[in-house]
Protein chains: 4
Amino acid sequence: MRDAVIQREEEETNSTPAPQDQRPAGGERRRGRGRRPQAEVRADILLAAGRLLFQDGMAAFTIEGVAARAGASKTTIYKWWDSKGALALDGYFHAVEETLAFPDSGNVIDDLRTQLRAFVHLVTKTAAGKVIAELVGAAQTDPVLADALHRLYSGPRLALAVEAMKRAKARGQLRADLDAEAVVDQLWGACYHRLLLTGLPLTEQFVDQLLRNLTVGIERD
Amino acid sequence: MRDAVIQREEEETNSTPAPQDQRPAGGERRRGRGRRPQAEVRADILLAAGRLLFQDGMAAFTIEGVAARAGASKTTIYKWWDSKGALALDGYFHAVEETLAFPDSGNVIDDLRTQLRAFVHLVTKTAAGKVIAELVGAAQTDPVLADALHRLYSGPRLALAVEAMKRAKARGQLRADLDAEAVVDQLWGACYHRLLLTGLPLTEQFVDQLLRNLTVGIERD
Amino acid sequence: MRDAVIQREEEETNSTPAPQDQRPAGGERRRGRGRRPQAEVRADILLAAGRLLFQDGMAAFTIEGVAARAGASKTTIYKWWDSKGALALDGYFHAVEETLAFPDSGNVIDDLRTQLRAFVHLVTKTAAGKVIAELVGAAQTDPVLADALHRLYSGPRLALAVEAMKRAKARGQLRADLDAEAVVDQLWGACYHRLLLTGLPLTEQFVDQLLRNLTVGIERD
Amino acid sequence: MRDAVIQREEEETNSTPAPQDQRPAGGERRRGRGRRPQAEVRADILLAAGRLLFQDGMAAFTIEGVAARAGASKTTIYKWWDSKGALALDGYFHAVEETLAFPDSGNVIDDLRTQLRAFVHLVTKTAAGKVIAELVGAAQTDPVLADALHRLYSGPRLALAVEAMKRAKARGQLRADLDAEAVVDQLWGACYHRLLLTGLPLTEQFVDQLLRNLTVGIERD
DNA sequence: GACTAAACGAGACGGTACGTCACGTCTTGGG
DNA sequence: CCCAAGACGTGACGTACCGTCTCGTTTAGTC
């Protein structure tokens, strides 16, 4: 249950166990003005946000547009999300539901390869690639989004890789004085470089080369 | 003299040889409406664009704002620049005047280190870092800016590194089957990763680690 | 005890004899949500309405503002008052408590003078003048307020003057064919004209002139 | 040519003689965004404002509504009119085009009667009555409108009556010590009293009584 | 003395309108 | 001819209240 991750802290401690996201089961007419259950409204908003984000992109992502598509009011959106970027990121999460597992096979190079390939697949084979690029782009001028992005997206993902490498160091697989963060920069950062800047192809072969450069080295024997 | 690099292809072949950037030599008051020399107007606009960009950032970078500060009219700006991003990038170039030399010392690792350090210095010790990040960010939703950025900024810079590595391969310093572009991604991309995403410190030691990881390798001997 | 005069016809026949307006005698803290005695809530609301009306004027008079100041909820207000204007008028009455006596001295001219002077005093020397003007103004676009204003404010006051003049006609002091309502228009209406439209000074001398014009006449002898 | 009387002072001194208000003669399509001639836009706005005011009243008079009906933008309206009330009043003037003559027959009583009857006719037999009442009402909470109303509407009208009475005093028809302003209050103010407050009928007989009360007097002979 | 029903506060909800800002297009008038 | 000046329609911004509607709490009246 990861719903509305970025919104302001709120009474998430409601006693109701988990009847979330279920509409009144009948599709009857909206009754107009009064209050609607929070969960329902939020789900509508996030759904609309995700759709708008994936269909038309960040440039066309508008709070008014989300409100209109969600059948919600702008006031409601502003009440729960600080900025356009926060809403967009939340809409992204609601739409994608990525998994965050980082299985440990004992061979850290293989595990890094697996994760990188998954990332490359997400970014090139699904619509998420463009969206992620636009979110990272928007974060450059939206501190709220930048913070949320680091805290909820890139942070956890990269932390997993760092921890895997630390475990590998502990079992003697990697250099003891290795800076794991720098390696992450040289793997994921390389992919982001192609996604955000050069536009060069992001393939599995590219991933293999990245790893090979860091293991075999780039110099001639 | 690189002026208005991104502007629409236009009469660059105007007869005036190069009397650019010189104001009417007298500092007299703006005389109001009528026509002014192109070069003078453009210089004003680019100067204003650069200042606005570096002072208030891309979020506050507005065509109207540039026009007001430049004492120019919006019409004139729209005549020469396709998009806000194009004007911003041109303003950046006009303000920074980076050099593009890539000296070849014979040792490609040292040369890469020199270039990377220069890049890190630009990005962390001057105001250009924030601006570059914002330009890259804006490019994610502005195709015109994205194209110009690749064509005029990242492209040439990275091409120099690629060529240097190709020369090193030719003289046997680097692996023959090395993909130079991937190495660039693992060096510059790693830096951009910290600049755009993680916010981790960008230092000379970081640069050294990047190169060490690619030469010594990350695995335990 | 005229409380909530304009509210919708409601169980005014509640058994509680008259424990109105007395707070729980202890000044303890608001106890939050649950049910409170009607009389207490209404008194709070009317007090807040009156204060808001006299302090900030009709333009800033807001149901939400009254609710917030009264520590009441909007629901409760909507339950008892039809419109913003009705609440405002009720708040005015609760704050002012004008007396409605029209003593009969035997000389109707003197009695009219006394009443007019009292009205002019109220309107120019107290804050009620501005409020009355704003209420009359709001009534032009709020039929509920217009009706309440006629029924509860201007109606009774003017009726007293009309009756006094009818008594004077009966005892031969005024012309038998005199239209008392028209005289009222020429006295009170003249004052309202200055209050609402021209802004000219409203003084006791002005009142005297009004009466003199109607007794001595305006023409040269 | 009384156009846009309340708008901010502007270059009304344009040389073009008077080709105002004429649309491009062909009813061709709006060409969308760019600039339209000022006169045309203003005429559209005032026309729409007047229609909206007379059809739906001041309560429904909205800047957005006027903009929509006029095919204009809110920005344009805000550029020229300070407040909603100023726009409404201007719309009223544009729609009504009252005449302001005050002929002098030599008998001031007859002249006042004529003017009052005209005013009563305007207020009771045309839609302007309701509109005037609403404008006066709105002026109670809109200082801009109040000022404009005094300056452009009531002021000039009442000044004419005052001057007529001063001329009558000069030729010995009225009391030398008469306060003409007070008489105006007792005539026009009486009518406004019925219009704004009591709702009693405004007829020619009422006008006659007002004048009779001021000439014959209200007391028994 | 416990239970129920009513009325409360709190405030979320869909709306409407506000007044502002920047966009990109257009017309006008001056040098 | 080309420029400045800036008005224009468009559309989104973020805010303020509207009047309607849950929701959970508290009290008063009934059993």
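Naming convention: chains lettered A, B, ... in sequence-line order (proteins, then strands); numbering from 1 in each chain.
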Find the distance [X]:[atom1] to [N]:[atom2] and express it as a whole number of Å.
X     : N      : atom1 : atom2 : result
D/I45 : F/dA7  : CD1   : P     : 13 Å
B/K79 : E/dG24 : NZ    : P     : 17 Å
A/Q38 : F/dC21 : CD    : C1'   : 13 Å
A/D44 : E/dA12 : CG    : C1'   : 14 Å
D/R69 : E/dA17 : CZ    : C1'   : 14 Å
C/D82 : F/dG19 : CG    : P     : 11 Å
C/I77 : E/dG11 : CD1   : P     : 15 Å
C/L87 : F/dG19 : CG    : C1'   : 14 Å

Problem - Atom pair CG (A/L135) and CE (A/M58), whose distance is rounded to the nearest 0.5 Å - result: 5.5 Å
Exercise for the section: Could you tell me the separation between the CD atom of D/Q140 and the CD atom of C/Q140, rounded to the nearest 0.5 Å? Expected result: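 Going from the CD atom of D/Q140 to the CD atom of C/Q140 covers 8.5 Å.
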Practice task
Would you please say whether a donor-acceptor pair under 3.5 Å links the side chains of D/Q55 and D/R51?
Solution key: no
Could you list, one pair per line, each protein nitrogen or oxygen that sits under 3.5 Å from a nitrogen or oxygen of nucleotides 20-22 of chain E, together with the distance?
from, atom 1, to, atom 2, distance (Å)
E/dC21, N4, D/T75, OG1, 3.0

Practice task
Could you list the residues that satisfy side chain to side chain contact (heavy atoms under 4.5 Å, CB included) with C/I77, not counting sequence neighbours?
Solution key: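 Expected list: C/I45, C/I63, C/V66, C/A67, C/W81, C/L87.
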Practice task
Could you pick out which residue, B/G65 or D/G65, lies toward the 5' side of DNA chain E when each is mapped onto its nearest nucleotide?
Solution key: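 First, find each residue's nearest nucleotide; the 5'-ward one identifies D/G65.
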Exercise for the section: Locate the shortest heavy-atom distance separating D/R42 from D/W80; write the atom from each residue and the value. Expected result: CG-CZ3, 2.7 Å
Fill in the blank from the handout: With sequence neighbours left out, the residues meeting side chain to side chain donor-acceptor pair (under 3.5 Å) with B/D147 are B/R151
Practice task
Check every strand shown and say whether D/A72 touches a base, only sugar-phosphate, or nothing at a heavy-atom separation below 4.0 Å.
Solution key: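 Counting heavy atoms under 4.0 Å across all strands, the contact made by D/A72 is with sugar-phosphate only.
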Handout entry: Closest to the A/V41 side chain, choosing from E/dA12, E/dC13, E/dG9
Key = E/dC13
Exercise for the section: Using only side-chain N and O atoms of D/S73, determine if any of them is under 4.0 Å from OP1 or OP2 of F/dG11. Expected result: no
Exercise for the section: Enumerate the residue pairs fulfilling side chain to side chain donor-acceptor pair (under 3.5 Å) with a member in residues 57-74 of chain C, sequence neighbours excluded, ordered by first and then second residue. Expected result: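 For residues 57-74 of chain C, and leaving out neighbouring residues, the side chain to side chain donor-acceptor pair (under 3.5 Å) pairs sorted by first residue read C/E64-C/K74, C/S73-C/T76.
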